[in-house]
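The model shown is predicted, which means the values in this text are computed figures rather than measured ones.
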2 protein chains.
Amino acid sequence: MSASGNDADDDTLCPIAHSTGLVGDRWSILIVRELLLGQSRFQDLQAQTGATSQMLAARLKRLEADGLVERHPYSERPPRHEYRLTPKGRHLMPVILALRTWGEQWCKPQSEQPATRMFHRACGSELELDGKCPACGGLVAWTDMRGQPSEAYAEERARRAADFTDHRRAADAQTQPDR
Amino acid sequence: MSASGNDADDDTLCPIAHSTGLVGDRWSILIVRELLLGQSRFQDLQAQTGATSQMLAARLKRLEADGLVERHPYSERPPRHEYRLTPKGRHLMPVILALRTWGEQWCKPQSEQPATRMFHRACGSELELDGKCPACGGLVAWTDMRGQPSEAYAEERARRAADFTDHRRAADAQTQPDR
DNA sequence: AAGGTGGATCTGAAATTCATAGTGCCGCTC
DNA sequence: GAGCGGCACTATGAATTTCAGATCCACCTT
């Protein structure tokens, strides 16, 4: 089921082994996170994930081969594309949400605000970390949620984008100091 | 927040980056899966995950350092222990369940039976892949579920355990052919 | 005492990942 | 029309990780 070079995960019935065969590494997960957040350009993905360009290129290639990502041209001459999630990729949302919940509950200093607040589309109330709607009193499906990054998190992301172009400019200046 | 050597994931607000810092690799996820399934001994973990012994030892050490796993002696002289999930580790269940759902829906040949069937503890009905209870008509929290491996999957696991001890015996025989 | 078991650790080869540098293409400016 | 700079990669060699396979150690069984 994996179009990439993965193996050893095709000869088992365990669906978790299959999943981790495709997205069982840090970079793939972070890339999917970014794509879900709406980023689509190489540069932005690189800035926000912190992956090296070749890691990113390699992972995107694999994600595309595995059918999670589609390359979508937004300019020919020079050939440029956006990367977008396919339905298969988009359905990783529950995995990302579960990682979010766990990270917020068990890996953060204290209960500072979640980086992204989630709301119930139907009634507008803010959801609990575990996905319960305090108004409707039940678990909400991921398709019925809407996320809103906190101000602090939005700022962090903006800074990362800025730092990235800065750093790049600096490197270029060093490479060609006086030509 | 990571007691292990991980870094680069502590200076962000993103909970997903934090999570993947601790469990963002294939082996850790498979190990957690096994522990959730009730395995606790080194050998069993090795057989079912397919990790090398040193990978397993290293990952268990890291998982322990990060507070996901507890080492629990069941024999001194020689020191032997079981590995058990802490509450922090057990709360990864939703992540594993999400990976399961995705794997069943998008990575398996067809709709063959799920490897593990899930049931609603309250009413006993079998849950949909997406976690809905057909009887109660809503999403069920992970704490209200119970899993039941299919026969085929149980057999696969038994075979893996058997193959592992066989393989080990074979290797030993080769190493010390006639002493 | 010989052999088996469970849980590791060591070693050297193979593969992956990293930092860093460069390339190709184009549009824009001057 | 030459040069500059942005974007999306690719190339390279060093550093790190992972692997297969052997070895070790302390017991236990026979």
Side-chain angles (χ1 to χ4, degrees), chain A residues 4-8 24-28 30-31 39-64 69 71-83 161-162 164-179, chain B residues 4-8 24-28 30-31 39-64 69 71-83 161-162 164-179:
Chain A
S4 57
N6 290 327
D7 35 291
D25 73 278
R26 183 173 164 67
W27 296 129
S28 300
L30 293 181
I31 292 166
Q39 300 289 5
S40 63
R41 314 265 265 245
F42 194 92
Q43 233 201 165
D44 299 331
L45 297 175
Q46 199 187 342
Q48 298 298 330
T49 60
T52 61
S53 50
Q54 72 184 299
M55 254 288 79
L56 181 56
R59 282 296 179 273
L60 284 171
K61 208 168 285 181
R62 229 184 58 183
L63 290 172
E64 194 188 2
V69 159
R71 200 176 287 249
H72 195 282
Y74 68 89
S75 134
E76 339 193 359
R77 272 179 338 284
R80 292 285 176 266
H81 4 59
E82 304 184 312
Y83 296 94
F164 180 74
T165 46
D166 283 4
H167 173 276
R168 185 197 253 263
R169 220 192 302 284
D172 285 3
Q174 216 178 354
T175 305
Q176 283 155 22
D178 40 36
R179 272 211 267 151
Chain B
S4 58
N6 291 327
D7 35 291
D25 74 278
R26 185 174 162 68
W27 297 128
S28 300
L30 292 180
I31 292 166
Q39 301 289 5
S40 62
R41 314 266 265 244
F42 193 92
Q43 230 200 168
D44 299 330
L45 297 175
Q46 199 186 343
Q48 297 299 330
T49 60
T52 61
S53 51
Q54 71 184 306
M55 254 287 76
L56 181 55
R59 282 295 178 274
L60 285 171
K61 209 167 284 180
R62 229 185 58 182
L63 290 171
E64 194 188 2
V69 159
R71 200 176 286 248
H72 195 282
Y74 67 88
S75 133
E76 339 192 359
R77 274 179 331 285
R80 292 285 175 266
H81 4 58
E82 302 184 313
Y83 296 92
F164 179 75
T165 47
D166 283 4
H167 173 277
R168 183 196 254 261
R169 219 190 306 283
D172 285 2
Q174 217 178 354
T175 305
Q176 281 152 25
D178 40 35
R179 271 210 269 151

Take the protein atom [atom1] of [X] and the nucleotide atom [atom2] of [N], then report the distance between them rounded to whole Å.
X	N	atom1	atom2	value
A:Q43	C:dC25	CD	C1'	15 Å
B:H72	C:dG6	NE2	C1'	18 Å
A:I31	D:dC9	CD1	P	12 Å

Discussion item. Going by the rule salt bridge (charged side-chain N to carboxylate O under 4.0 Å, His left out), which residues pair with B:D44 if we only count those two or more places apart in sequence or in a different chain?
Written reply: none
Fill in: salt bridge (charged side-chain N to carboxylate O under 4.0 Å, His left out) partners for A:R71, two or more places apart
A:E64
By side-chain hydrogen bond (donor to acceptor under 3.5 Å, both in side chains) - contacts of [X] (at least two apart):
X	value
B:T49	none
B:Q54	none
B:Q39	none

Practice prompt. Between protein and nucleotides 9-16 of chain C, map the contacts as a letter string: B base, S sugar-phosphate only, - none, heavy atoms under 4.0 Å, written 5' to 3'.
Written response: BBB-----
Worksheet item: Where the side chain of A:R71 is concerned, which of D:dA20, D:dC9, C:dA19 is the nearest nucleotide?
Response: D:dC9
Item to complete: Can you figure out which of D:dC7, C:dT17, C:dG7 approaches the side chain of A:M55 most closely?
Response: C:dT17
Practice prompt. Would you indicate, yes or no, if C:dG6 has its OP1 or OP2 atom less than 4.0 angstrom from a side-chain nitrogen or oxygen of B:Y83?
Written response: no
Worksheet item: Looking only at side-chain N and O atoms, does B:W27 come under 4.0 Å of OP1 or OP2 in D:dC19?
Response: yes
Worksheet item: Taking C-beta and beyond as the side chain, do B:I31 and B:V69 meet within less than 4.5 Å on heavy atoms?
Response: no
